[in-house]
There are 2 protein chains.
Amino acid sequence: MNYEALLINKNLKKTFPRLKVLEILDRADGFLSADDIHSSFKDEAHSLPLSTIYRVLDSFLKEDIVHELNLDHRNIKLYEIAHKHHAHHLICVECDKVIHLKECPVHSFEEDLKETYGFKMNHHSLDFYGVCDQCQKAL
Amino acid sequence: MNYEALLINKNLKKTFPRLKVLEILDRADGFLSADDIHSSFKDEAHSLPLSTIYRVLDSFLKEDIVHELNLDHRNIKLYEIAHKHHAHHLICVECDKVIHLKECPVHSFEEDLKETYGFKMNHHSLDFYGVCDQCQKAL
DNA sequence: TCCTAAATGCAAGTCATTCTCATTAAATTA
DNA sequence: TAATTTAATGAGAATGACTTGCATTTAGGA
Ligand SMILES: [Mn+2]
Ligand SMILES: [Mn+2]
Ligand SMILES: [Zn+2]
Ligand SMILES: [Zn+2]
C-alpha cells in the first residue's frame, strides 16, 4: 500500500501524523481504537497526541480511507482501513474480537425501505454480538 | 399498563424512581434519552438525579423492561419500553426521528452464523441511517 | 523563497455515563 | 408492629472518550 499516493489521491496533505496513522492501521489486522493507535508508538516521546489522532481519523473518514465501528457493549469507536465493500460484524463481548462478514443480507430490504418510507439512505449498521468459540471454552 | 405489578413480576423493589421512570417511558411515544427523562420533570425540585435514572434504566435493562438503542451519529443511548419482539430502526440523522421496523430480515442469517462460527449469540443490531422524507423537503 | 491555508501540539473543555459514600426506604423476619 | 437486613437513592465528584481554542508549525502552491 502506497501511503503517500493514497493521500495525494484524496487531496489530503501528506503530513507525518497522517502517514503514521495510515501505516499503523494498515499493519494492524483488525480494528483499532484511537487509543490503540496512540499506544502503538514505542516511545511516548515520538508519539502523537490523541487530539491529532482524532483529527487524522476524521479526515480519513471523510475521504473514506477508514471505516468506523461503534461498539454497543463498550463506549468506543474502532477504525480500520476501508475495504472495498462495507462489511458487517460478529463481535465477541468477552474478548472484543471482531469477525468480518462478507455478505450483506439486507440489501434488498434496504431498497424496500427507501421505497416505502421515502428515505434518503446514508448507511446501515448490522452487527451481531455474542461470545466466541474460544471465550465460551474459557468461561 | 400496571407499573407496580410489572415491577413485582420482575422482582424489582417498588420504588418511587422506578415507578416514575416507568410512567415517563410508557407515556412517551418513542425513544427517550436519560436526559430526556430527567428534563421531563416539571419542577427541578421533584426531579430525579441523573445517577438514579441511569441506575433505574440499568435495572430495567437487566429485566428486559426497556430496550436500548445506540445511535451511530450522536453519542447517546436511547431507551423505550420493550415490545414483544426486538425491532430494527430507520433513523433520521437530521431530526433524530426513529421509525420502528417490524420485520427482522436476518433471522436465518443469524442461525447460519451461530453454526458457522460456534458463536453463542446475544443480540444483533440492525439500523438504517439516512434522511427522512420531511427533512429532505426542509433542506 | 515566500505566502497562506491547513494541520498540529498542547491544554483545557465537554458531555454522557459511572462511581463513592453517607443516608433512606423496601421488604423480610421476628 | 417493630426490628433487621439489604438494596436503592441523592448528591456530587470522578471518569473517559472525544472535542476545541489557540498559538505555532508546516505543506504545497505562487
Ligand atoms: Mn450491509
Ligand atoms: Mn432482528
Ligand atoms: Zn471472544
Ligand atoms: Zn428527519
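Sequence lines set the chain letters: A, B, ... in the order given, protein chains first and strands last, and positions in each chain run from 1. Bear in mind that the values here come from a model prediction, so they are computed numbers and not experimental data.
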| field | Between P of dA5(C) and CG of Asn11(A), the distance in whole Å | value | 17 Å
| said: What is the separation between atom CG on Asp58(A) and atom C1' on dA6(C), rounded to the nearest whole Å? | reply: 15 Å
| Counting just side-chain N and O atoms, does Tyr54(A) come under 4.0 Å of either OP1 or OP2 of dC18(D)? | yes
| remark: Leu71(A) CG to dA17(D) C1', in whole Å, measures 13 Å
| Could you state the CG-C1' distance from Leu50(B) to dA11(D), rounded to the nearest angstrom? | 12 Å
| field | For atom NE2 of His38(B) and atom P of dG10(D), their distance in whole Å | value | 12 Å
| message | Please tell me whether His123(B) and Glu68(B) have a donor and an acceptor in their side chains that are separated by less than 3.5 angstrom. | response | no
| field | Separation of dG16(D) C1' from Asn75(A) CG (nearest whole Å) | value | 9 Å
| note | For nucleotides 20-30 of chain D, 5' to 3', base contacts (B), sugar-phosphate-only contacts (S) and non-contacts (-) with protein non-hydrogen atoms under 4.0 Å give BB-----BS--
| query | Can you check the Leu19(B) CG to dA25(C) C1' distance for me, whole Å? | reply | 13 Å
| query | Hey, are the side chains of Leu48(B) and Phe16(B) touching, using non-hydrogen atoms and a 4.5 Å cut-off? | reply | yes
| task | Examine distances only and state if a side-chain atom of Ser40(B) and a backbone atom of Ile37(B) form a donor-acceptor pair shorter than 3.5 Å. | result | yes
| task | Verify, without hydrogens or angle tests, whether Gln136(A) (side chain) and Val131(A) (backbone) share a donor-acceptor contact under 3.5 angstrom. | result | yes
| message | Measure CD/Glu68(A) against C1'/dC18(D) and give the value in whole Å, please. | response | 11 Å
| field | Flag side-chain contact, heavy atom, 4.5 Å: Leu61(A) against Tyr79(A) | value | yes
| From CA spacing to verdict: side chain to side chain contact (heavy atoms under 4.5 Å, CB included), Arg18(B), Ser59(B) | CA-CA 9 Å; Arg18(B) 295 216 255 240; Ser59(B) 71; 3.3 Å; yes
